[in-house]
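Reviewing the structure listed below.
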Amino acid sequence: MKTPLIQSKKLSDLNCCNVWLKMESSNVTGSFKERSIGHACAQYAQQGAKKFISSSGGNAGVSVAYMGNQLQIPVIIVVPKTTSQTAIDLMRKENAEVIVHGDSWLEANDLALSYVSSDNIYIHPFDHPYLWDGVSQMIKEVLDAGVTPDAVVLSVGGGSLLSGVQQGLTTHGLKIPIYAVETEGTASLNTAIQKKQHIKLDEVTGIATTLAAKQVCKNAFDISQQENIVGLTVSDKEALQACFEFLNDHRTLVEPACGATLSVLYDKKLSFSATSNVLVIVCGGASVTLNQLLNYAKDLSLNQ
Ligand SMILES: *Cc1c(COP(=O)(O)O)cnc(C)c1O
C-alpha cells in the first residue's frame with residue numbers, strides 16, 4: 001500500500017531543515033511489515049505455498065496473519081507465553097491459527113520450524129531478500145512524490161528495514177547517509193559497527209521489544225560496514241518521550257521502536273543544512289496501547 005509522505009512542520013522547525021515523514025504507521029496492520037512480509041507472502045503464494053508459518057508475536061506475525069487472510073492461505077503462528085493478548089487477538093481476527101508454546105521465542109520458533117515443509121513456508125521476520133525487495137518500494141514512492149532525500153533516519157531491529165531502504169537508495173543511484181537508530185538495550189547493530197564484527201548480544205533489554213533482535217541479519221551487517229551508515233543509540237526514556245510528543249504533534253500512536261528514531265529529531269541530535277530533505281521512516285507498530293505507554297512512563301519516571 002502506498003503510504004503518506006508528509007512534511008513535519010514541528011520537526012522541520014526544530015531541526016532547521018525539511019523533515020519528511022514516511023508514514024508507514026498508516027499501513028492496515030500499523031507498520032512497514034506489510035511491505036516486507038506482504039511482498040514475501042505474495043511471492044511464495046505465486047510459487048504455490050499452501051500454508052504460511054511464523055513465530056513472531058509482534059508486527060511481523062500480525063502481517064503474516066493479515067496477508068494469509070488476504071491471499072486465502074492458512075497461517076499458523078507459534079508464539080511464546082510472553083506474547084501480549086493484544087497481538088494474539090489481532091492475529092486471530094485475521095483467522096490465523098495461534099499456538100501459544102514455550103517460555104521464550106526460541107522454543108516457539110523450534111515448534112514453528114517443525115511444521116515447515118515444501119508446501120508450508122516459513123516467513124522470516126527480517127532475513128530474506130523478498131522482504132528487502134518489498135521495503136525498497138518505499139524509496140520509489142518518496143521519489144515519485146517529488147522529494148529527493150539527502151539523509152534517512154530509521155530504526156533497526158533485525159535489519160530488514162535498513163536492508164530494504166539501502167537497496168532502494170542504491171537502485172535510484174542515491175548515496176546518502178542513513179542514520180541507523182537503536183535503543184541502548186537493543187544495540188546489536190551499533191555494537192557490530194563499533195566492533196566491525198557480526199556479533200550476537202547475550203541479552204536485549206528495555207521497552208523497545210520490537211527492536212530486540214540479538215543479532216542483525218548478515219546483509220544488514222554488511223551494509224553497516226559501508227561509510228554512509230551512521231549508528232546511533234538512544235535511551236528508552238528518550239524513545240518514549242518522542243512517542244508522546246509525536247502523538248501530540250501528529251496525532252499518531254507509535255511503538256517505542258519507532259519513538260527511538262523520532263527522538264533523534266526531537267532531541268536535535270544531528271545537524272543538517274537548511275535546504276536538506278531529511279527522510280524519517282515512521283515505522284509505526286501496533287503492539288502497544290496508550291495505556292502501556294503511560295505505564296512505561298510511570299516505570300521510567302517520565303512526567304506526562
Ligand atoms: C519490525 C519493526 C522494526 C525493526 O525492523 P527490522 O527490519 O527488524 O530492523 C522497527 N519498528 C517496527 C514498528 C517494526 O515493526
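Quick note: numbers below take in every heavy atom, side chains included, and nothing from hydrogens, waters or symmetry partners. Ligands are counted one by one from 1 in listed order, and the atoms in each one are counted from 1 as well. The chain is numbered in sequence order, starting from 1.
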Show me, pair by pair, the donor-acceptor contacts under 3.5 angstrom made by side chains of residues 95-116, not counting sequence neighbours?
from   : atom 1 : to     : atom 2 : distance (Å)
Asn95  : ND2    : Asn69  : OD1    : 3.2
Ser104 : OG     : Leu106 : N      : 3.4
Trp105 : NE1    : Ser55  : O      : 3.2
Trp105 : NE1    : Ser55  : OG     : 3.0
Glu107 : OE1    : Asp103 : N      : 3.4
Asn109 : OD1    : Ser55  : OG     : 2.7
Asn109 : OD1    : Tyr122 : OH     : 2.8
Ser114 : OG     : Leu111 : O      : 2.6

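Side-chain atoms of Asn190 come within 3.5 Å of backbone N or O of Leu232 as a donor-acceptor pair.
Between Phe126 and His124, the angle of the ring planes goes over 60°, which puts this pair in the perpendicular group of the 30/60° scheme.
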- Item | Candidate pair Thr3 and Arg35, rule side chain to side chain donor-acceptor pair (under 3.5 Å), full reasoning | CA-CA 10 Å; Thr3 56; Arg35 291 182 190 272; 3.1 Å; yes
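Contacts of ligand 1 (protein heavy-atom distance under 4.0 Å) are Ser31, Phe32, Lys33, Asn59, Phe126, Val156, Gly157, Gly158, Gly159, Ser160, Leu161, Thr210, Leu211, Ala257, Cys283, Gly284, Gly285.
The pair Lys218-Asp222 meets the salt-bridge criterion, since a charged nitrogen lies less than 4.0 angstrom from a carboxylate oxygen.
Taking the ring centroids of Tyr266 and Phe246, they lie at or beyond the 6.0 Å cut-off.
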